[in-house]
Asks: 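Following this message is one structure expressed as structure tokens.
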Amino acid sequence: MADKIRWGILGAGNIARKFATGLQVVAGSELFAVGSRSIDKAQNFAKEFNIPKAYGSYEEMVKDPEIDVVYVATPHTFHKPHTILCLNNGKAVLCEKPFAVNAGEAEEMVEAAKKNNLFLMEAMWTRFLPVMYKVKEWIAADAIGEVRMLTADFGFRANLNPEGRLFNLELGGGALLDVGVYTISLAYMIFGGAPERITGIAHIGETGVDEQAAMILGYKNGELAILHTAVRTRTFQEARIIGTKGSIIIPDFWRATTANLKVDGKDDEIVEIPFDANGYCYEAREVECCLREGKLQSDLMPWDESISILRTMDELRNQWGLKYPSDNN
């Protein structure tokens with residue numbers, strides 16, 4: 001592999017801009033190309049980030065032989081086709097969360113990675129933040145004893161726009177796929193895998209998407225994850241990991257730069273780790289490391305876990321009667 005990992009970005013929207021900003025501080029990587037459905041949009045994006053190549057179609061970009069890996073930054077319902085497009089053209093992929101709309105789509109993506117012998121990872125950037133490594137270190141060291149409960153919420157208030165991505169069933173709109181996935185992925189990280197019991201209640205809004213929901217995940221030894229998500233209600237966006245000897249509080253857990261260890265009978269221990277750039281560099285560094293080591297998947301965000309998280313979300317949507325048109329594809 002060349003001295004620099006050469007990245008392409010598929011899509012030129014808001015999340016692509018965040019990733020491009022983060023990638024600028026990743027020493028071993030180069031942002032080499034951007035592809036959009038509009039050549040003007042691609043060229044403007046390329047000019048903003050000093051990117052050598054701009055393409056007016058996704059198909060054209062993924063055929064560029066100089067690109068090593070592509071960040072898929074398109075809306076949820078396009079993750080599967082765009083990821084498979086990249087893989088079938090010889091490109092490793094970092095796919096924005098949620099990995100896909102449902103578990104079946106995710107399985108197809110993984111099969112394409114296996115068939116092409118290429119790296120693939122879900123871009124759950126929270127997993128790779130330095131504060132989360134510290135949180136896992138505290139838990140592994142038995143600092144809070146046996147972990148018994150997790151509470152986490154991620155909700156914000158968006159203006160109701162029936163044509164906007166968040167409220168459009170055709171684009172996989174709603175709270176669960178957009179921000180609820182952060183809370184569920186955190187539960188997987190804390191408890192080490194899938195729950196045994198899944199239950200939840202959602203409010204389905206006038207456009208047919210879940211505008212807010214409460215979810216409970218139950219684990220084999222009685223542990224519980226109590227989770228909330230919303231796109232029409234602002235929540236605290238905080239996580240609390242509660243053990244038999246204390247707890248860990250993570251403000252703004254999905255973009256955490258600080259965590260507070262509270263142990264019974266001891267002074268609080270607070271860790272603060274500011275981001276490099278905007279924090280999106282850490283997942284890119286994980287991809288770079290995996291590529292240089294010849295891995296097909298990340299140990300921190302493996303294929304099976306991304307698929308299992310989607311199975312949990314599929315079960316919740318089944319309970320809510322929430323189906324997307326793409327579920328039938």
Side-chain angles (χ1 to χ4, degrees), residues 76 96-103 106 122-129 131-132 135-136 139 144 146-158 166 172-205 209-243 247-256 259-260 300-301 305-322 324:
H76 308 335
E96 182 51 38
K97 61 81 201 159
F99 198 45
V101 169
N102 55 51
E122 180 182 5
M124 178 50 71
W125 74 302
T126 302
R127 286 280 176 108
F128 307 98
L129 301 180
V131 163
M132 288 302 178
V135 167
K136 290 190 289 185
I139 293 171
I144 62 170
E146 180 188 355
V147 177
R148 298 298 302 158
M149 190 175 293
L150 166 71
T151 64
D153 65 275
F154 192 168
F156 62 96
R157 182 166 177 81
L166 284 174
L176 182 65
L177 290 190
D178 200 65
V179 288
V181 62
Y182 282 100
T183 67
I184 293 170
S185 187
L186 180 66
Y188 269 72
M189 187 188 86
I190 297 303
F191 292 118
E196 288 192 346
R197 293 165 293 158
I198 302 166
T199 189
I201 298 173
H203 168 68
I204 306 300
V209 305
D210 55 310
E211 293 189 357
Q212 64 179 24
M215 304 160 286
I216 300 176
L217 310 182
Y219 294 82
K220 64 179 180 179
N221 294 318
E223 306 98 325
L224 294 173
I226 300 107
L227 314 172
H228 307 90
T229 188
V231 291
R232 292 282 286 157
T233 306
R234 171 77 181 177
T235 70
F236 291 108
Q237 302 181 5
E238 178 185 82
R240 292 182 176 237
I241 306 162
I242 304 163
S247 61
I248 300 168
I249 301 172
I250 314 172
D252 289 329
F253 79 92
W254 61 282
R255 56 181 181 187
N260 184 3
L300 295 175
M301 195 70 249
E305 190 155 324
S306 291
I307 293 170
S308 182
I309 288 167
L310 281 161
R311 286 196 186 111
T312 293
M313 295 199 292
D314 289 350
E315 171 57 25
L316 286 163
R317 289 200 293 116
N318 183 58
Q319 292 178 20
W320 303 341
L322 173 57
Y324 298 113

Asks: Has Phe236 got more than 12 heavy atoms of other residues, nucleotides or ligands less than 6.0 Å from its CZ?
Replies: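 Atom CZ in Phe236 is not packed in, count stays at 12 or less.
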Asks: Answer yes or no: is there a side-chain heavy-atom contact under 4.5 Å between Thr235 and Phe156?
Replies: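 They are not in contact (no side-chain heavy atoms under 4.5 Å apart), so the answer is no.
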Asks: Holding to side chain to side chain donor-acceptor pair (under 3.5 Å), I want the full list of residues that pass it with Arg232, two or more places apart in sequence or in another chain.
Replies: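 Partners of Arg232 under the side chain to side chain donor-acceptor pair (under 3.5 Å) test: none.
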Asks: Heavy atoms only: give me the nearest Ile307-Ala103 pair and the separation to one decimal.
Replies: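 Answer, listing the atom of Ile307 first, then Ala103: O-CB, 3.9 Å.
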Asks: Side chains of Val209 and Leu166, heavy atoms from C-beta outward: is any pair under 4.5 Å?
Replies: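 Val209 vs Leu166: side chains apart.
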Asks: Given side-chain contact (heavy atoms from CB on, under 4.5 Å), test Leu150 with Ile226 step by step and report yes or no.
Replies: CA-CA 6 Å; Leu150 166 71; Ile226 300 107; over 6 Å; no
Asks: Could you work out, with side chain to side chain contact (heavy atoms under 4.5 Å, CB included) as the rule, every residue matching Ala100, not counting sequence neighbours?
Replies: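 With sequence neighbours excluded, Ala100 shows a side chain to side chain contact (heavy atoms under 4.5 Å, CB included) to Glu105, Ala106, Met109, Leu310, given in chain and number order.
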Asks: Using side-chain heavy atoms (C-beta onward) and a distance below 4.5 Å, is Arg255 in contact with Trp125?
Replies: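 In contact.
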Asks: List the steps, then state whether side-chain contact (heavy atoms from CB on, under 4.5 Å) holds for Leu224 with Ile216.
Replies: CA-CA 7 Å; Leu224 294 173; Ile216 300 176; 4.1 Å; yes
Asks: Is there a side-chain contact between Trp254 and Gln237 in this structure, where contact means two heavy atoms from C-beta onward sitting under 4.5 Å apart?
Replies: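 Yes; the side chains approach each other to less than 4.5 Å.
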Asks: For residues 192-205, which side-chain N or O atoms pair as donor and acceptor with protein atoms under 3.5 Å away, sequence neighbours left out?
Replies:
none

Asks: What pairs with Asp178 under salt bridge (charged side-chain N to carboxylate O under 4.0 Å, His left out), at least two apart in sequence or on another chain?
Replies: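 Per chain and number, Asp178 pairs via salt bridge (charged side-chain N to carboxylate O under 4.0 Å, His left out) with Arg165.
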Asks: Which heavy atom in Leu227 sits nearest to a heavy atom in Leu217, and how many Å separate them?
Replies: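 Taking Leu227 first and Leu217 second, the nearest heavy atoms are CD1-CD1, 3.9 Å.
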Asks: Listed by chain and number, what are the side chain to side chain contact (heavy atoms under 4.5 Å, CB included) partners of Glu223, not counting sequence neighbours?
Replies: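 For Glu223 the side chain to side chain contact (heavy atoms under 4.5 Å, CB included) partners, ignoring immediate neighbours, are Arg148, Phe191, Tyr219, Asn221.
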Asks: If you look at every heavy atom in Ile250 and Ala259, which pair is closest and at what distance?
Replies: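 Looking at all heavy atoms of both residues, the closest pair is CG1-CB, 4.3 Å.
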Asks: Students often mix this up, so state it plainly: with edges at 30° and 60°, are the rings of Phe154 and Tyr182 parallel, tilted or perpendicular?
Replies: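 Aromatic pair Phe154/Tyr182 classed tilted.
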Asks: Looking at Lys136, I want to see if its NZ is surrounded by more than 12 non-hydrogen atoms of other residues, nucleotides or ligands under 6.0 Å.
Replies: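 For Lys136, atom NZ is crowded (more than 12 foreign heavy atoms under 6.0 Å).
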Asks: Testing the basics here: between Pro98 and Met313, what is the closest heavy-atom pair and its distance to 0.1 Å?
Replies: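 Minimum heavy-atom separation between Pro98 and Met313: CB-CE, 4.4 Å.
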Asks: Check step by step if side-chain contact (heavy atoms from CB on, under 4.5 Å) holds for Val147 and Ile139.
Replies: CA-CA 8 Å; Val147 177; Ile139 293 171; 4.0 Å; yes
Asks: Testing the basics here: between Ser185 and Met124, what is the closest heavy-atom pair and its distance to 0.1 Å?
Replies: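 That closest heavy-atom pairing would be OG-CG, 3.6 Å.
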Asks: Not counting sequence neighbours, which residues clear ring pair (Phe, Tyr, Trp, His ring centres under 6.0 Å) with Trp320? List them please.
Replies: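 For Trp320 there are no ring pair (Phe, Tyr, Trp, His ring centres under 6.0 Å) partners, ignoring immediate neighbours.
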Asks: Main chain of Ile248, side chain of Arg240: is a donor-acceptor contact present, judged purely on distance under 3.5 Å?
Replies: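 Judged by distance alone, no pair lies under 3.5 Å.
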Asks: Using side chain to side chain donor-acceptor pair (under 3.5 Å) as the criterion, list what pairs up with Thr151, not counting sequence neighbours.
Replies: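 None.
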Asks: Could you list the residues that satisfy side chain to side chain donor-acceptor pair (under 3.5 Å) with Thr126, not counting sequence neighbours?
Replies: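 For Thr126 there are no side chain to side chain donor-acceptor pair (under 3.5 Å) partners, ignoring immediate neighbours.
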Asks: For Leu176 and Met215: C-alpha separation, side-chain torsions, deciding distance, then whether side-chain contact (heavy atoms from CB on, under 4.5 Å) applies.
Replies: CA-CA 10 Å; Leu176 182 65; Met215 304 160 286; 3.8 Å; yes
Asks: Tell me, which pairs form a salt bridge (charged side-chain N to carboxylate O under 4.0 Å, His left out) where one or both residues lie in residues 307-316, sequence neighbours left out?
Replies: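 Matches after skipping sequence neighbours: Glu107-Arg311, Asp314-Arg317.
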Asks: Strictly distance-based, threshold 3.5 Å: is any side-chain N or O of Asp210 a donor or acceptor partner for the main-chain N or O of Ala175?
Replies: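 Present.
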Asks: Quiz question: by atom type and distance under 3.5 Å, do the side chains of Thr233 and Arg157 form a donor-acceptor pair?
Replies: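 Looking only at side-chain atoms, Arg157 and Thr233 do not form any donor-acceptor pair under 3.5 Å.
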Asks: Heavy atoms, side chains only, cut-off 4.5 Å: are Glu305 and Arg127 in contact?
Replies: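 Sidechains of Arg127 and Glu305: in contact.
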Asks: Mind checking side chain to side chain donor-acceptor pair (under 3.5 Å) for Ser247 and listing every partner two or more places apart, or none if nothing turns up?
Replies: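 Expected list: none.
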Asks: Using a 3.5 Å distance criterion without hydrogens, assess whether the side chain of Asn260 forms a donor-acceptor pair with backbone atoms of Ile249.
Replies: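 No: the side chain of Asn260 does not pair with the backbone of Ile249.
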Asks: Please round to the nearest 0.5 Å and tell me the distance separating atom CD of Glu211 and atom OG1 of Thr229.
Replies: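 Those atoms lie 12.0 Å apart.
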Asks: Test of understanding: with side chain to side chain contact (heavy atoms under 4.5 Å, CB included), list the residues that count as partners of Ala123, not counting sequence neighbours.
Replies: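 Listed in chain order: Tyr71, Leu94, Glu96, Glu283.
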Asks: Can you sort out the partners of Ser306 under side chain to side chain contact (heavy atoms under 4.5 Å, CB included), two or more places apart, ordered by chain and number?
Replies: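 Listed in chain order: Phe99, Glu122, Met301.
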